[in-house]
Amino acid sequence: MNLETILGTVVADAVKTLYGLETAVNQIQIQKTKKEFEGDLTVVIFPFVKAAHKSPEQTGKEIGEYLLQNNPVLSSFNVIKGFLNLSISQRYWLETLKDIHSNKQFGITVPTDQSDLMMIEYSSPNTNKPLHLGHVRNNLLGHSIAEIQKANGWRVVKTNIVNDRGIHICKSMLAWKLFGNGETPESSGLKGDHLVGKYYVVFDKAYKAEIKELTEKGLSEDEAKKSAPLILQAQQMLIAWENNDPEVRHLWETMNGWVYAGFDKTYKKLGVEFDKIYYESQTYLEGKGKVEEGLNKGVFYRREDGSVWADLTHDGLDEKLLLRADGTSVYMTQDIGTAKLRYDDYPINKMVYVVGNEQNYHFQVLSILLDKLGFDWGKSLVHFSYGMVELPEGKMKSREGTVVDADDLMDEMIESARETSQELGKLDNCTPEEIENIVRMVGLGALKYFILKVDPRKNMTFNPKESIDFNGNTGPFIQYTHARIKSVLRKAQEQGIDFSTLTDTQFPISEKESYLIQLITEFPTVVQEAGEEFSPALIANYIYDLVKEYNQFYHDFSILKEESFNLKQFRLVLSESIASIIKTGMGLLGIEVPERM
RNA sequence: GGUCUGGUAGCUCAGCUGGAUAGAGCAACGCCCUUCUAAGGCGUGGGUCAAGGGUUCGAAUCCCUUCCGGAUCACCA
């Protein structure tokens with residue numbers, strides 16, 4: 001039970017005893033005391049003044065007296081306006097720190113075999129172009145939220161549904177066939193996904209040229225788009241693919257193979273991975289059966305042309321197509337099928353889709369459809385809907401070449417980390433392997449933190465002209481603090497100082513120090529909230545606050561030169577506890593922290 | 001047009017389940033390395049919290065209206 005709850009209970013008692021007012025504990029407002037006032041926690045008194053028939057100051061004083069007498073954890077209080085500021089005894093803080101320091105799993109709930117299972121779908125790339133910054137946000141959020149849910153006691157299965165078929169894939173294939181001259185990743189030196197992406201762009205250019213030619217001949221824009229030879233060929237290729245044409249299938253397998261090899265490298269560098277990968281080419285026919293079933297049950301209906309629809313007007317939505325007139329399936333049909341497959345494969349208690357907010361409508365519909373089809377988990381699926389990454393000029397567009405490439409961006413970040421390290425002379429005593437590792441951690445740390453610190457639901461802006469910072473509220477700032485603490489701890493160890501625990505817990509500490517312990521105690525709540533709200537940003541911002549406070553402490557107090565053994569030991573234990581939270585917390589964001597930098 | 005969503009410092013963002021004088025970082029300017037890592041610390045300047053109204057002892061936060069962005073409403077995925 002945390003301190004707020006303990007105090008809340010006593011406050012409720014106080015109000016009842018003093019004024020006869022029944023109050024639920026969770027109705028009592030207890031917040032951290034603002035820095036400019038004395039105290040650790042503050043009770044808001046205004047809600048009780050009516051029952052007390054006294055001034056806020058007088059009421060606060062009476063409640064304060066009661067608390068002081070009935071809870072040994074408190075050392076003093078003061079009342080300012082309607083705010084009762086409580087000071088917690090230093091002994092309590094020291095005992096708390098001692099407990100936390102000895103708890104290797106502090107803030108983390110480890111799942112067991114009996115824990116509920118959460119499946120998290122993320123990444124979900126198309127195999128016709130390389131990953132860009134938008135995908136990076138998706139992957140980082142997906143990976144991080146998986147780590148956070150694990151830390152909240154869930155068994156987690158991370159899954160990826162690869163969109164490996166369709167007309168867009170055929171476009172790249174066709175362009176390669178027509179203009180590629182047999183180019184391969186080996187012959188070109190290009191990463192496979194980039195090579196295929198190149199031909200996607202080639203297709204688009206050639207296609208646009210054909211459209212232009214046709215419109216100049218008098219066709220309308222629409223007609224030109226539909227009758228351009230290239231698009232007709234691509235459509236034929238798709239049909240050939242669906243008919244298992246050996247040549248087309250072979251080309252498809254070859255080019256997708258290149259893309260997967262490229263994706264693997266990108267995923268590995270980003271530090272994300274999957275437990276189970278589904279391929280749309282294997283699942284896209286699933287779901288038709290379910291739609292037929294719904295049709296028979298009368299949940300869906302068939303139009304004269306043979307297409308199948310769901311009428312969602314009673315749910316405040318439109319009508320939705322589920323099968324085309326020719327009987328082929330659409331996106332929604334596939335998602336129904338994929339969902340069914342997954343529930344056949346795993347005992348899923350909760351399904352989470354990490355997909356951009358542009359698909360809010362799709363998932364709203366999917367949830368309703370699954371529910372109508374009788375899946376009891378349909379209603380409870382979670383669409384973890386995140387915002388777009390925008391450039392200062394607006395949206396990124398693949399075809400217009402305004403995308404920020406994932407591989408390029410990671411490489412640039414690592415290179416600027418290298419430059420900064422060299423300028424500062426930080427890594428002069430390290431081996432080349434160590435340097436490589438640190439520079440990678442720092443560069444990627446900066447990128448990941450930059451993305452994860454913002455509220456996932458909101459759109460965010462990325463300006464490629466301004467490099468991502470290494471100072472201030474950044475990943476490297478946090479990593480640096482961790483490295484500094486580790487450095488002090490190494491020195492303490494060399495000097496043979498014992499900081500395995502707190503020998504004594506009865507000596508005075510400063511306000512800054514007790515405040516740091518208070519911050520530490522908030523970590524489990526933050527992890528829990530991050531899980532409930534699906535927000536890695538909560539963890540990022542918490543770690544930043546903790547680290548900022550610690551740096552002030554580090555600047556103002558000396559640790560190893562402190563003469564009092566109790567204080568020296570305490571500061572080491574405090575520092576080690578904070579380093580541990582930094583490491584755990586950053587781990588939940590998928591960010592590594594170096595031992596030195 | 002319907003639905004959803006956002007508007008906080010020059011820029012990027014916190015704060016939003018109502019509480020004290022709205023916070024950080026970047027950018028600008030100034031100070032601090034003979035002391036545990038200066039990727040650090042301290043300070044200065046910078047705000048009609050889009051606008052107006054309402055509820056309340058109290059509103060950036062809740063409600064309504066308006067203005068300005070973004071997404072979506074495909075027999076694309």
Side-chain angles (χ1 to χ4, degrees), chain A residues 26 29 31 33-34 36-37 42 44-47 49-50 56 80-83 85 124 126 161 163 165-169 280 284 303 305-309 316-318 320-326 328-332 334-335 356-362 364-365 385 387-388 390 392 394-395 417 420-421 423-424 426 442 446 450 453-455 457-463 466 468-481 483-492 495 537-538 540-541 544-545 547-548 551-562 571-572 575 596-597:
Chain A
N26 59 14
Q29 295 177 59
Q31 55 198 240
T33 304
K34 294 223 165 196
E36 53 268 40
F37 302 105
T42 295
V44 182
I45 295 301
F46 295 107
V49 296
K50 243 181 201 162
I80 296 169
K81 293 198 224 165
F83 299 93
N85 301 321
S124 313
N126 291 341
I161 172 91
N163 182 356
R165 60 164 286 280
I167 190 76
H168 48 293
I169 313 287
E280 208 184 279
Y284 82 108
R303 288 188 181 171
D305 65 359
S307 55
V308 178
W309 295 74
L317 303 172
D318 295 320
K320 188 78 194 172
L321 176 83
L322 296 171
L323 284 178
R324 295 188 184 102
D326 62 8
T328 54
S329 56
V330 293
Y331 182 34
M332 188 60 74
Q334 291 168 30
D335 258 358
N357 61 13
E358 55 197 354
Q359 292 194 35
N360 284 353
Y361 182 71
H362 174 80
Q364 205 184 341
V365 172
S385 159
M388 299 291 103
E390 289 169 347
K395 268 189 90 171
T420 308
S421 295
E423 275 168 30
L424 298 172
K426 292 284 185 184
V442 173
F450 175 81
K453 77 173 172 184
V454 331
D455 184 339
R457 270 158 269 280
K458 288 190 180 175
N459 289 356
M460 63 180 290
T461 311
F462 174 77
N463 188 347
E466 294 169 11
I468 294 175
D469 267 302
F470 287 76
N471 302 321
N473 186 358
T474 67
F477 169 83
I478 294 164
Q479 291 170 319
Y480 176 70
T481 305
R484 277 212 301 202
I485 295 175
K486 286 294 179 175
S487 171
V488 174
L489 296 178
R490 278 193 299 271
K491 291 204 161 102
Q495 294 174 23
L538 294 179
N541 289 320
Y544 174 67
D545 287 341
V547 161
K548 195 171 154 54
N551 278 334
Q552 289 170 356
F553 159 79
Y554 182 90
H555 181 266
D556 294 342
F557 296 78
S558 67
I559 300 171
L560 296 173
K561 292 211 168 64
E562 171 58 45
R571 286 177 188 159
L572 286 167
S575 298
R596 66 184 82 222
M597 67 183 269

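In what follows, every chain begins at residue 1, and chains take the letters A, B, ... in the order their sequences are listed.
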Q.
Can you confirm whether A:K320 sits close enough to A:M332 that some side-chain heavy atom of one is under 4.5 Å from a side-chain heavy atom of the other?
A. yes
Taking any heavy-atom pair under 4.0 Å as a contact, classify [X]: base, sugar-phosphate, or nothing.
X      : value
A:V49  : nothing
A:N26  : nothing
A:Q479 : nothing
A:K548 : sugar-phosphate
A:S487 : base
A:F37  : base
A:F477 : sugar-phosphate
A:K81  : sugar-phosphate
A:F46  : base
A:D556 : nothing
A:V44  : base
A:K491 : sugar-phosphate
A:Q359 : base

Could you check how far [atom1] of [X] sits from [atom2] of [N], rounded to whole Å?
X      : N      : atom1 : atom2 : answer
A:R457 : B:rC16 : CZ    : C1'   : 13 Å
A:M388 : B:rG6  : CE    : P     : 14 Å
A:N551 : B:rG25 : CG    : P     : 12 Å
A:K395 : B:rG69 : NZ    : P     : 17 Å
A:F450 : B:rA14 : CZ    : C1'   : 15 Å
A:Y544 : B:rA39 : OH    : P     : 16 Å
A:L560 : B:rU37 : CG    : P     : 8 Å
A:M460 : B:rA14 : CE    : C1'   : 14 Å

For A:F83 and A:F37, I'd like to know if the aromatic rings sit close, meaning centre-to-centre distance below 6.0 Å.
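Not close enough - the centres of the two rings lie 6.0 Å or further apart.
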Discussion item. Could you check whether any side-chain N or O of A:R571 sits under 3.5 Å from a backbone N or O of A:S558, counting only pairs where one atom can act as donor and the other as acceptor?
Written reply: yes
Backbone N/O of A:N471 and side chain of A:D469: donor-acceptor pair under 3.5 Å: no
| Which label fits B:rC33, syn or anti, where anti is any glycosidic angle not within 90° of 0? |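 Base orientation relative to the sugar is syn.
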Minimum-distance nucleotide (side-chain atoms of [X] versus [options]):
X      : options                : answer
A:I167 : B:rA38, B:rC76, B:rU35 : B:rC76
A:H168 : B:rA77, B:rA14, B:rG19 : B:rA77
A:V488 : B:rC75, B:rU37, B:rG25 : B:rU37
A:E358 : B:rA39, B:rA71, B:rA77 : B:rA71
A:I559 : B:rU72, B:rC36, B:rA39 : B:rC36
A:Q552 : B:rG70, B:rC42, B:rA77 : B:rC42
A:K426 : B:rC4, B:rG19, B:rU37  : B:rU37
A:N473 : B:rC75, B:rG19, B:rG25 : B:rG25
A:R324 : B:rG19, B:rC76, B:rG15 : B:rC76

Less than 3.5 Å between a donor and an acceptor, one on the side chain of [X] and one on the base of [N], is that the case here?
X      : N      : result
A:K34  : B:rU21 : no
A:T42  : B:rA20 : yes
A:S421 : B:rA39 : yes
A:N463 : B:rC11 : no
A:N471 : B:rA38 : no

Watson-Crick/G-U partner (both atom distances under 3.5 Å) of [N]:
N      : answer
B:rU37 : none
B:rG23 : B:rC13
B:rG58 : none

Practice item. Verify whether one side chain among A:N85 and A:T42 offers a donor that lies under 3.5 Å from an acceptor in the other. Key: yes
Pair A:R303-A:S307, side-chain donor/acceptor within less than 3.5 Å
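No pair is found: no donor N or O on one side chain lies under 3.5 Å from an acceptor on the other.
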Provide the distance between the two [atom1] atoms, one in [N] and one in [M], to the nearest whole Å.
N      : M      : atom1 : value
B:rG45 : B:rG30 : P     : 16 Å
B:rG47 : B:rA24 : C1'   : 14 Å
B:rG6  : B:rU56 : C1'   : 26 Å
B:rA27 : B:rA74 : C1'   : 45 Å
B:rC16 : B:rC31 : C1'   : 37 Å
B:rU55 : B:rU61 : C1'   : 14 Å
B:rU8  : B:rG46 : C1'   : 14 Å
B:rA28 : B:rA20 : C1'   : 31 Å

Exercise for the section: Of all the heavy-atom pairs spanning A:F462 and A:P392, show the shortest one and how long it is. Expected result: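 Minimum heavy-atom contact is O-CD, 3.3 Å.
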Heavy-atom closest pair, residues A:A540 and A:K453 |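 Looking at all heavy atoms of both residues, the closest pair is CB-CA, 3.8 Å.
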_For A:N551 and A:T481: C-alpha separation, side-chain torsions, deciding distance, then whether side chain to side chain donor-acceptor pair (under 3.5 Å) applies._
CA-CA 7 Å; A:N551 278 334; A:T481 305; 3.2 Å; yes
**Prompt:** Would you say B:rA14 has OP1 or OP2 under 4.0 Å from some side-chain N or O of A:K458?
**Reply:** yes
* Side-chain N,O (A:Y480) to OP1/OP2 (B:rA39) below 4.0 Å -> yes
A:F83 aromatic ring stacked with six-membered ring of B:rG19, 5.5 Å and 30°:
no
5'-most contact on RNA chain B (nearest-nucleotide basis), A:R303 vs A:R596, goes to A:R596
The answer to which of A:A537 and A:T481 contacts RNA chain B further toward the 5' end, by nearest nucleotide, is A:A537
With A:Y480, which residues qualify under ring-ring contact (aromatic ring centres under 6.0 Å, His included), at least two apart?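 Not a single residue meets the ring-ring contact (aromatic ring centres under 6.0 Å, His included) criterion with A:Y480.
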